[in-house]
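Encoded as structure tokens, the structure appears first; notes follow it.
Residue numbers run from 1 in the order of the sequence given. Computation of the quantities below employed the complete heavy-atom set of this structure, encompassing side-chain atoms and omitting hydrogens, waters and symmetry-equivalent molecules. Just follow the structure's listing: the first ligand is 1, and inside any ligand the first atom is 1.
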Amino acid sequence: METKKKDIRALTKEQLRQFFVEHGDKAFRGNQVYEWLWQKSAHTFDAMTNVSKETRQMLEENFVINHIRVDQMQRSSDGTIKNAVRLHDGLVVESVLIPTETRTTACVSSQVGCSLDCRFCATARMKRMRNLNPDEIYDQVVAIDNESRLYFDRPLSNIVFMGMGEPLMNYNNVLKAIEMITSPEGLGMSPRRITVSTSGVPKMIKKMADEEVKFRLAVSLHSAIDEVRTSIMPFNATFPLKDLREALEYWYSKTKNRITYEYVVWKGINDTREAVDALVKFCKFAPSKVNLIEYNPIDDGEFQQASMDAVEMYRSILESNGITVTVRRSRGKDIDAACGQLANKS
Ligand code: SAH
């Protein structure tokens, strides 16, 4: 009977060292292989050229490297790149490279599909199939770093967990991936250039605060009025604003990090003075930034971007209350790579 081979990147460095000792080799061999697996991002055991042929064979017999494969790459007229990424079990997720004058940002997925049910988001229409493993998240970053070097002559500079899925519902794997992305034994990126975006899972926000993580937090708020938020993000009924706010206060008290809010202004939903006042009241307790993001239509017009006047009203009221505001244009819309459009269409 064939036993199922283990994903070698599920092992810690210590476990890998242990494996070699148990197989009559030196612990140091584990360090070498670990370096190939993460820092050098080897796709095969055969690529590990400073490891003997017998050792590579032995690894082959015991393990697999579940490297992702970029199945399809699409380029937008604005430079944005979308990767359709195939996982070892055939499932597909998407990640996006967003170039600006000075930076390259990777937008990565944390789950296949999503278990939340935001009514304006295309990913919500795919049910959640599974969580991504740390190495599958890491590989998406590596793929985009390679593309950034190839097409823009510079390394990747920022990462946002704003692709498919809810990162805080795959908490352990997302944190493990970030650990490797920031480790000198991985990509050595600064955690300050990484943003985890959440729809708001209070318990997990508190847990992150307790673990004193160094990356940034963004919250997809869209409304600071429970009734309205529940109507567009039904899970808000389970995690109401009061609990979210309490968790964010805890986060701020521990990290002293500014909080970013993602916010779309829709016609007839939250384009009122009352909605802005509620937002100001919600986020005033800590230094905040509100990203007013453009709506990317995903359907027949149930949701519509509010007028420029409404967006301007938000901007001026927020600013007069000392809240930083950015009005963000969408990127990569022509290839369905913009916020909320990731749904494995092709
Ligand atoms: N689940 C996490 C990570 C996804 S981030 C979260 O909710 O934060 C994707 C971002 O795009 C979120 O801010 C989401 O609210 C926003 N979004 C979803 N659908 C959108 C759409 N059609 N147009 C613009 N933004 C959208």
- Task: Taking atom CD of Gln57 as the centre, report whether more than 12 heavy atoms of other residues, nucleotides or ligands fall under 6.0 Å from it.
- Result: no
- Item | Nitrogen or oxygen of Ser197 less than 3.5 angstrom from that of ligand 1 | yes
- Message: Let me check something: do Met204 and Ile178 share a hydrophobic cluster, defined by ILVMFWY side-chain heavy atoms less than 4.5 Å apart, either directly or through other members?
- Response: yes
- Query: What atoms in ligand 1 come closer than 4.0 Å to a heavy atom of Cys339?
  - Reply: 11 (O), 20 (C), 21 (C), 22 (N), 23 (N), 24 (C), 25 (N), 26 (C)
- Message: Taking atom CZ as the centre, does Arg130 end up with more than 12 heavy-atom neighbours from other residues, nucleotides or ligands that are less than 6.0 angstrom away?
- Response: yes
- Query: When you measure from atom 23 (N) of ligand 1 to every protein heavy atom, which one gives the shortest distance, and what is it?
  - Reply: Asn296 N, 3.0 Å
- Query: Are the ring centres of Tyr261 and His222 closer than 6.0 Å?
  - Reply: no
- Task: Would you mind checking if Asp271 and Lys267 are paired as a salt bridge, meaning a charged N to carboxylate O distance below 4.0 Å?
- Result: no
- Item | Residues in ring-ring contact (aromatic ring centres under 6.0 Å, His included) contact with Phe161, at least two apart in sequence or another chain | none
- Query: Does Gly165, backbone or side chain, put an N or O under 3.5 Å from an N or O of ligand 1?
  - Reply: yes
- Quick one: look at Thr198 and ligand 1, take heavy-atom pairs under 4.0 Å, and tell me if it's side chain, backbone, both or neither. backbone
- Item | Shortest protein heavy-atom distance from atom 6 (C) of ligand 1, along with the residue and atom involved | Ser220 OG, 3.3 Å
- Which bit of Met164 gets closer than 4.0 Å to ligand 1, counting heavy atoms only: side chain, backbone, both or neither? neither
- Task: List every atom of ligand 1 that sits less than 4.0 Å from any heavy atom of Ser199, numbering the atoms from 1 in the order shown and giving each element.
- Result: 1 (N), 6 (C), 7 (O), 8 (O)
- Message: Return the closest protein heavy atom for atom 19 (N) of ligand 1 as residue, atom name and distance.
- Response: Gly340 CA, 3.1 Å
- Note on the structure: ligand 1 to Cys121, heavy atom cutoff 4.0 Å, flagged ligand atoms 18 (C), 19 (N)
- Donor-acceptor under 3.5 Å (His67 side chain, His43 main chain): no
- Message: Between ligand 1 and Phe120, is the shortest N or O to N or O distance under 3.5 Å?
- Response: yes
- Task: Classify the contact between Glu262 and ligand 1 as side chain, backbone, both or neither, using a heavy-atom distance cut-off of under 4.0 Å.
- Result: side chain
- In terms of heavy-atom contacts, does CD of Glu22 have more than 12 from other residues, nucleotides or ligands at under 6.0 Å? yes
- Are Lys254 and Glu212 close enough for a salt bridge, meaning some N to O gap below 4.0 Å? no
- Message: Just to confirm my output: which protein heavy-atom neighbour is closest to atom 24 (C) of ligand 1, and how far is it?
- Response: Glu294 O, 3.4 Å
- Task: Within a distance under 4.0 Å of any heavy atom of His222, pick out the atoms of ligand 1 and give their elements.
- Result: 14 (C), 15 (O)
- Note on the structure: protein heavy-atom neighbour closest to atom 9 (C) of ligand 1 works out as Met162 O, 3.7 Å
- With atoms numbered from 1 as shown, which atoms in ligand 1 lie under 4.0 angstrom from a non-hydrogen atom of Gly163? 4 (C)
- Query: With the threshold set at 4.0 Å, does a side-chain nitrogen-carboxylate oxygen contact exist between Arg149 and Asp145?
  - Reply: yes
